[in-house]
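Note sheet for the following structure.
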Amino acid sequence: MSVSETTTARDISSKGAAGVRMRGVTKAFGQNVVLRDLDLEVAPGEKVVVIGPSGSGKTTILRTTMTLERIDAGTIEVGGRHLYHESVNGKLRPAREKHIREVRSDIGMVFQHFNLFPHMTALENIMLAPMKVHGKSRQEAQALGVELLDKVGLAHAVNQTPGQLSGGQKQRVAIARSLACEPKVMLFDEVTSALDPELVGEVLNVLRDIAEEGRTTMMLVTHEMGFAREMADRVLMFDGGQIIESGPPAEVLGSPQHERTKAFLGAVKSH
Amino acid sequence: MESWLLSGSQYRLLLEASGTTLQILAYAFLLGIVLSLVVGIARLSERAWVRGLALVFVEFARGISSIILLFIVAIAIPILFGAEQAPLILLSAIALGINMGGYGAEIIRGGIQAVPKGQTEASISLNLGPAQRLRHVVLPQALTIILPPMGNLTIEILKGTALVSLVGMTDIMQMARNIRQQQLADAVGTQPVLFLNVLVLYFILAQVINLLFKVAEAWLAKRYEGGPALTGTELEAIR
Amino acid sequence: MSTVTHEEKTPDMEEIHPHRRWYRRPSVVVPVVLVVIGYSILVSPLVREQNFFRPEVAADGGVTFDWNFFVHLFPLMLQGLVVTVKATLIGFLLAIVLGFFLALGRRSKRRLLSWPVTAVIEFIRSTPLLVQLFFWQALVRASEGITLEPITILALGLGIHYATYCSEAYRAGINSVDKGQWEAATALNLGPVTSWTRVAIPQAVPNVLPALGNYLIAGFKDAPMGVAVNAHGLLFFADQVRNDTFRATEPYLIAGVGFLLVSLPAAWLVRRLEKRISYERV
Ligand SMILES: Nc1ncnc2c1ncn2[C@@H]1O[C@H](COP(=O)(O)OP(=O)(O)OP(=O)(O)O)[C@@H](O)[C@H]1O
Ligand SMILES: [Mg+2]
């Protein structure tokens with residue numbers, strides 16, 4: 001696996017949007033190799049759904065991209081910039097925290113279990129990063145927060161704390177919180193899995209809105225196959241540490257080529 | 001025992017001495033909190049040597065008794081370094097503060113560790129820096145866990161302040177002994193009653209500390225019910 | 001929650017092994033500890049104080065730290081240490097027993113009993129041991145016909161002080177026994193004594209032991225306070241040497257050393273006990 005220093009920024013970052021490119025990424029937990037020389041490319045503005053068996057490492061793909069988990073080998077680029085590497089005198093070196101933090105500002109993530117800050121109101125949750133990271137004034141952050149809560153249909157919840165919200169509402173606040181950082185790439189890890197069935201729809205609607213605005217690159221891990229079919233540009237089947245099948249939803253979900261994809265979809269359907 | 005009470009002037013003396021006791025307590029508390037925070041956070045550092053140093057401090061501060069530490073800091077060390085003029089009150093507070101820091105660090109560490117990892121991860125995803133994560137996300141949540149044992153620890157330190165009478169400070173305890181000398185000279189009053197009154201005084205001080213911490217806990221719990229981060233009119237203005 | 005569960009992949013074989021080693025069985029450890037405590041209480045009077053803390057080596061008179069003097073203070077320091085340890089052990093024995101009755105009293109359904117007991121516990125817990133020692137000493141002096149040695153007063157004060165702590169530990173331990181266990185005992189028609197001795201206490205003991213261990217260490221840390229009532233312990237030794245030789249640094253520092261010599265290993269043992277027990281309760 002060769003690491004080319006001259007990244008072809010042209011094709012993975014167009015204005016306002018950013019793509020993701022993983023090259024030869026390997027990640028192991030002890031003996032357990034979860035990502036195995038993984039290559040994966042997501043174009044700017046593309047909506048990609050990752051499917052795969054439980055425990056295969058889908059979450060790990062997102063977490064390594066969010067820098068919550070460091071990779072053992074390979075490179076990840078976001079918007080044409082290396083995430084874990086810096087080029088020093090034409091050579092790639094492991095990046096310092098400062099560099100990682102700078103590239104990371106393009107990435108946002110929404111978690112399965114929301115991870116809202118319980119000691120802050122919905123509005124304060126959203127205002128935190130704009131004020132502390134992006135240097136916005138209190139008034140600006142408030143205005144942004146109210147606007148985003150409106151957008152996710154929670155205008156009434158401004159002053160409520162997470163403890164007072166339902167699961168679906170919490171997840172919508174979490175999405176708004178992430179949007180407040182204006183990320184170019186958004187990662188969604190099974191964001192509806194922890195919800196009661198009747199609350200799934202309201203969250204998917206918000207995702208749909210974001211997708212329709214079009215500019216944000218989205219990587220979603222989900223078991224909602226219907227949703228994937230409807231909004232994904234591309235579906236990736238992930239197993240054994242690698243992408244084993246990739247294509248438009250109709251192809252991968254409708255007429256899978258790979259045996260393991262067939263088996264997996266069969267198991268999902270029978271539920 | 002003719003009376004359970006002391007004379008008015010004796011109470012006045014004891015109250016005056018309470019000032020010294022509370023002053024030592026305040027200094028020791030300040031130093032103790034700072035040490036607790038620094039060492040407690042250092043115990044969770046990514047760097048092994050930082051963790052190791054913090055552990056050594058904690059083991060030492062908790063392993064040694066506060067009374068022996070007090071004698072070493074207030075008597076032995078000033079002589080060793082020729083700093084016999086150093087104010088006793090500060091030396092005493094340092095000894096008690098170190099003691100508090102050892103226990104407090106473990107309380108803070110436990111509180112931080114009790115905050116779910118998802119909270120840190122969410123704040124990383126919002127690109128908050130390490131200090132911001134601690135300041136705005138982790139510590140405020142850890143505080144609910146930290147406060148009750150910190151209250152108990154503060155009362156332990158209040159109890160510890162009585163020891164400074166042994167190194168020559170005039171706190172409540174020493175004042176009680178002075179009063180006793182006076183009693184002997186005047187041949188009035190009994191010793192058990194005197195010390196019983198002193199115990200009650202300490203008990204009241206402890207209850208005040210207790211109350212302060214309870215108020216703080218209630219204040220903290222309120223934040224989880226949501227505050228008026230934005231009033232109706234402000235909201236209208238934004239819209 | 002994939003992040004939390006992976007550390008438990010390889011179960012420690014000892015955990016599921018039915019034959020735990022003797023020092024890991026509370027039923028063995030507790031009697032052994034009690035015997036050791038009892039033995040040391042009986043035997044320690046035989047360790048006579050030889051020369052009442054008079055060092056044989058004189059310091060050289062300079063202000064700098066004198067290593068030779070420091071080292072020669074060691075045997076004297078040990079004498080004081082033995083007294084301090086002895087007072088701690090006697091006091092703690094008292095605390096264990098008295099604490100049990102305090103816990104029972106506080107749990108009592110009769111408010112006439114439980115409220116005063118609670119008040120006394122809270123009072124003793126939140127006031128300084130040092131003042132309490134003076135109080136007991138004064139009380140003993142004031143009462144006709146009773147004379148107690150300083151070390152006895154120290155042990156008494158320690159015992160009563162830490163009895164309140166122990167009672168809280170017992171209470172927490174008893175509360176930690178599942179309500180269903182009491183109901184099961186009732187369903188089996190066991191009497192109150194059997195329910196206590198055969199059902200509740202055996203389950204509470206593992207929860208209580210580490211706390212008791214910590215209080216034993218805490219009591220040891222407070223024991224040097226005996227100097228205030230003239231018990232010939234660790235600090236009395238240091239004070240005495242200072243008064244005789246006008247050197248303060250060496251005696252207090254060596255007192256600190258001797259102290260850590262006992263308290264650090266003890267703390268380590270308690271922590272092992274804590275870990276061991278938390279494993280068993282997974
Ligand atoms: N912090 C960690 N330490 C050790 N092993 C881990 C850790 N995180 C994940 N793993 C292991 O890595 C593998 C992949 O985990 P991951 O959570 O990425 O799977 P997943 O595809 O998201 O599964 P699911 O569908 O259940 O969410 C699993 O075998 C898991 O046990
Ligand atoms: Mg997952």
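Labels below follow one simple rule: chain letters A, B, ... track the order of the sequence lines, proteins then strands, and each chain is numbered from 1.
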If you tally heavy-atom pairs under 4.5 Å between each of B/Ile64, B/Ile209, B/Ile172 and chain C, the highest tally belongs to B/Ile64
Heavy-atom proximity to chain B below 4.5 Å, by part of C/Ile217: neither
Find out whether B/Ile67 and C/Leu235 are in side-chain contact, i.e. whether some heavy atom of one side chain is under 4.5 Å from a heavy atom of the other. yes
Which atoms of B/Leu163 approach chain C - backbone, side chain, both or neither, heavy atom under 4.5 Å: both
Name every donor-acceptor pair, under 3.5 Å, that has one atom in a side chain of residues 252-266 of chain C and the other anywhere in the protein, sequence neighbours excluded.
unit_1   : atom_1 : unit_2   : atom_2 : d
C/Tyr252 : OH     : C/Asp239 : OD1    : 2.3
C/Tyr252 : OH     : C/Arg242 : NE     : 3.3
C/Ser263 : OG     : B/Gly63  : O      : 2.6

Distance check, rounded to the nearest 0.5 Å: B/Ile68 atom CD1 versus C/Met225 atom CE? 10.5 Å
Return yes when atom CD of C/Glu149 has more than 12 non-hydrogen atoms of other residues, nucleotides or ligands closer than 6.0 Å, and no otherwise. no
Honestly, the part of B/Ser165 sitting under 4.5 Å from a heavy atom of chain C is side chain
Given C/Leu130 and B/Leu166, is the side chain to side chain contact (heavy atoms under 4.5 Å, CB included) satisfied, shown in steps? CA-CA 10 Å; C/Leu130 184 66; B/Leu166 299 180; 4.3 Å; yes
For B/Arg62, does its backbone N or O pair with a side-chain atom of C/Lys221 as donor and acceptor, under 3.5 Å? yes
Pairs of donor and acceptor atoms involving the side chains of residues 51-61 of chain B, under 3.5 Å and at least two apart or interchain, shall be tabulated with distances.
unit_1  : atom_1 : unit_2   : atom_2 : d
B/Arg51 : NH1    : B/Ser45  : O      : 2.9
B/Arg51 : NH1    : B/Glu46  : O      : 3.4
B/Glu59 : OE1    : C/Arg271 : NH2    : 3.4
B/Glu59 : OE2    : C/Arg271 : NH1    : 3.1
B/Glu59 : OE2    : C/Arg271 : NH2    : 3.3

Using the ring pair (Phe, Tyr, Trp, His ring centres under 6.0 Å) rule, pick out the option among C/Phe135, C/Phe134, C/Trp136 that qualifies with B/Phe195. C/Phe134
Does B/Tyr11 OH have over 12 foreign heavy atoms under 6.0 Å away? yes
Determine, step by step, whether C/Leu129 and B/Lys159 satisfy the side chain to side chain contact (heavy atoms under 4.5 Å, CB included) criterion, reporting the C-alpha distance in whole Å, the side-chain angles of both residues, the deciding distance to 0.1 Å, and the verdict. CA-CA 7 Å; C/Leu129 174 60; B/Lys159 289 159 65 178; 6.0 Å; no
To the nearest 0.5 Å, what is the distance between OG on C/Ser126 and CG on B/Asn210? 8.0 Å
Pairwise distance OG(B/Ser65) to CG(C/Leu234) - rounded to 0.5 angstrom: 8.5 Å
Aromatic rings B/Phe203 and C/Phe123: how do their planes relate, parallel, tilted or perpendicular, breaks at 30° and 60°? tilted
Pick one of side chain, backbone, both or neither for C/Gln132, based on which atoms fall under 4.5 Å of a heavy atom in chain B. both
For B/Ile155, is it the side chain, the backbone, both, or neither that has a heavy atom closer than 4.5 Å to a heavy atom of chain C? side chain
Any residues in residues 93-111 of chain B near chain C, with a heavy-atom distance under 4.5 Å, and which are they? B/Tyr103
Proximal to chain B - members of residues 155-173 of chain C, heavy-atom separation under 4.5 Å: C/His161, C/Tyr165
So what's closer than 4.5 Å to chain C heavy atoms on B/Leu196: side chain, backbone, both or neither? both
B/Arg177 portion near chain C, given a 4.5 angstrom heavy-atom threshold: side chain
